[in-house]
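Everything on this sheet refers to the single structure shown next.
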Amino acid sequence: MLTAFANAFRTPDLRRKLLFVLGIIVVFRAGSQIPAPGVDVGNVQSCINDVDNTGIYNLINLFSGGALLQLTIFALGIMPYITASIILQLLVVVIPRLEALKKEGQSGQTKITQYTRYLTLGLALLQATGIVALARSGNLLQGCTQPLLVDDSTQTFLVMVITMTAGTAVIMWLGELITERGVGNGMSIMIFTQVIATFPAVMWAVGKDKGWWTFSLVLAIGLVIVAAVIFIEQAQRRIPVQYARRMVGRKMFGGSSTYIPLKVNQAGVIPVIFASSLLYLPAMAAQFNQNSDSPWVRFINNYLVRGNHPLYMLTFFLLIVFFTYFYVSITFNPQEVADNMKKYGGFIPGIRAGKPTEDYLSYVLSRITLPGALYLGLIALIPLIALVLVNANQNFPFGGTSILIMVGVALDTVKQIESQLQQRNYEGFLR
């Protein structure tokens, strides 16, 4: 591993790319620490230290690296872009115009990317308005009685909303710069950066509050979890595909063998994000309801707000399983794959081309999605189980969205660096 890193930095162009990525990350983290205009920094820090905010903003705060609750210029983080990308992926399936753009190749994908940018700015404007309004009313940090803003004038409100929306636009630009001039997917690296930004503080809090014996135990369990996640993330079912020989003029084409890789976790971390977001909706509705004695408000506050109740865990698990099947069904089309194979003379050994191939792919995909869904559900429940067993914070470092993002992005980035090293006859990271 160390030799591979040394070889990477010995290669001039790869070294420039890695240093460029590190420079962008430094700028990104610096922006996550600069407070937006109009924020009372002293009161915000005091409230963050005094209040354990386990409300409905944890997911957004995770993707902002803790910048949300500090009301910085990058407070929204990468979350608006993630939401916009997911919405566009869903719309591509249901809107024929977007589906046609997707099939146009690079030019169509460029237009879809532009639509994603516009939608990201719209969502950022809405989220910034909601967050600043909550900070203005004192509901952003539950239990905090100090004013978070210097004043509650309309001018301060508008300046903060515009600043946070512009911060999201800058984050998008930085991510695209990494993709174009650096190594790896820029947006994924930005998400990775924000997630690991809170990791050292959470681990230090575990050691400080629970003792260093518990810290060592959590670290050991975490290493086991990371190893298991790496194993599952790289697991795949390879379906063999054979291409028939064809005579074109005087030349023979085809006759090659390849495979279709179906990952066990075909959906990635998206189902966990979907399930978390959906579970936050009733909690948000209950929070803004003025009648706290209402039966449905009491039910939500008792069972669907904190993660230490069995009903919350069961609902969360079932939602993850459902969204895993849902997302896989819209991102992998067996009919389209079967038609493309038939068009280019490919077939699965023992399976006829056309409808039988489509049925076989659907059968394999449904069978392999089940362990993937169960795996995502169990990983997502680890922080909640830790909350019950050792009374840990819901932001337990090993488990849930954070560990899936950290391992997934790290593996993808390492593989891309490895491929560039192998092009220069260097030994890769993963050998």
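Model, not experiment: these values are computed from the prediction.
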Go through Glu336 and Lys343 one step at a time and tell me if the salt bridge (Lys or Arg N to Asp or Glu O under 4.0 Å) criterion holds. CA-CA 10 Å; Glu336 182 179 351; Lys343 179 180 178 181; over 6 Å; no

Evaluate the side-chain proximity of [Y] to [X]: yes if any heavy-atom separation is below 4.5 Å, no if none is.
X      : Y      : answer
Thr357 : Met341 : yes
Met160 : Val39  : yes
Ile270 : Thr331 : no
Arg181 : Lys17  : no
Tyr360 : Ile239 : yes
Tyr115 : Leu119 : no
Tyr375 : Val229 : yes
Leu76  : Ile131 : yes

Is the count of non-hydrogen atoms from other residues, nucleotides or ligands lying under 6.0 Å from Gln114 atom CD greater than 12? yes

Identify the two heavy atoms, one from [X] and one from [Y], that lie closest to each other, and give their separation to 0.1 Å.
X      : Y      : value
Gly186 : Thr179 : N-OG1, 2.8 Å
Phe274 : Phe323 : CD2-CD2, 3.5 Å
Thr193 : Arg29  : CG2-CD, 3.8 Å
Val409 : Ser188 : CG1-O, 3.5 Å
Gly167 : Phe74  : O-CE2, 3.5 Å
Glu104 : Arg97  : OE2-NH1, 4.3 Å

Would you say Ser153 and Thr156 are linked by a side-chain donor-acceptor pair, where the criterion is simply a distance under 3.5 Å? yes

Any side-chain donor-acceptor pair under 3.5 Å between Tyr327 and Gln266? no

Do any N or O atoms from the side chain of [X] and from the backbone of [Y] form a donor-acceptor pair under 3.5 angstrom?
X      : Y      : value
Asn43  : Leu148 : no
Ser366 : Tyr363 : yes
Arg238 : Tyr259 : no

Got a second to check how far [X]'s [atom1] is from [Y]'s [atom2], nearest 0.5 Å?
X      : Y      : atom1 : atom2 : answer
Met406 : Ile196 : CE    : CD1   : 8.0 Å
Leu361 : Gln335 : CG    : CD    : 11.5 Å
Leu91  : Gln89  : CG    : CD    : 10.5 Å
Leu177 : Phe20  : CG    : CZ    : 4.5 Å
Ile348 : Arg352 : CD1   : CZ    : 13.0 Å
Ile78  : Thr120 : CD1   : OG1   : 8.0 Å

Would you call Lys342 and Glu358 a salt bridge, using N to O less than 4.0 angstrom? no

Leu262 vs Phe332, side chain to side chain contact (heavy atoms under 4.5 Å, CB included): CA-CA, chis, key distance, verdict: CA-CA 10 Å; Leu262 295 180; Phe332 185 90; 3.6 Å; yes

Run the side chain to side chain contact (heavy atoms under 4.5 Å, CB included) check on Phe157 and Asp152 step by step: do they pass? CA-CA 7 Å; Phe157 180 89; Asp152 58 354; over 6 Å; no

Might you work through the side chain to side chain contact (heavy atoms under 4.5 Å, CB included) test for Met172 and Leu121, ending with a clear yes or no? CA-CA 10 Å; Met172 271 199 306; Leu121 292 179; 4.2 Å; yes

Determine, step by step, whether Asp40 and Leu149 satisfy the side chain to side chain contact (heavy atoms under 4.5 Å, CB included) criterion, reporting the C-alpha distance in whole Å, the side-chain angles of both residues, the deciding distance to 0.1 Å, and the verdict. CA-CA 5 Å; Asp40 192 324; Leu149 307 183; over 6 Å; no

Should Lys355 and Asp359 be marked as a salt bridge (Lys or Arg N to Asp or Glu O under 4.0 Å) after you check the CA-CA gap, both sets of side-chain angles, and the distance that decides it? CA-CA 6 Å; Lys355 190 65 168 60; Asp359 294 340; 2.7 Å; yes

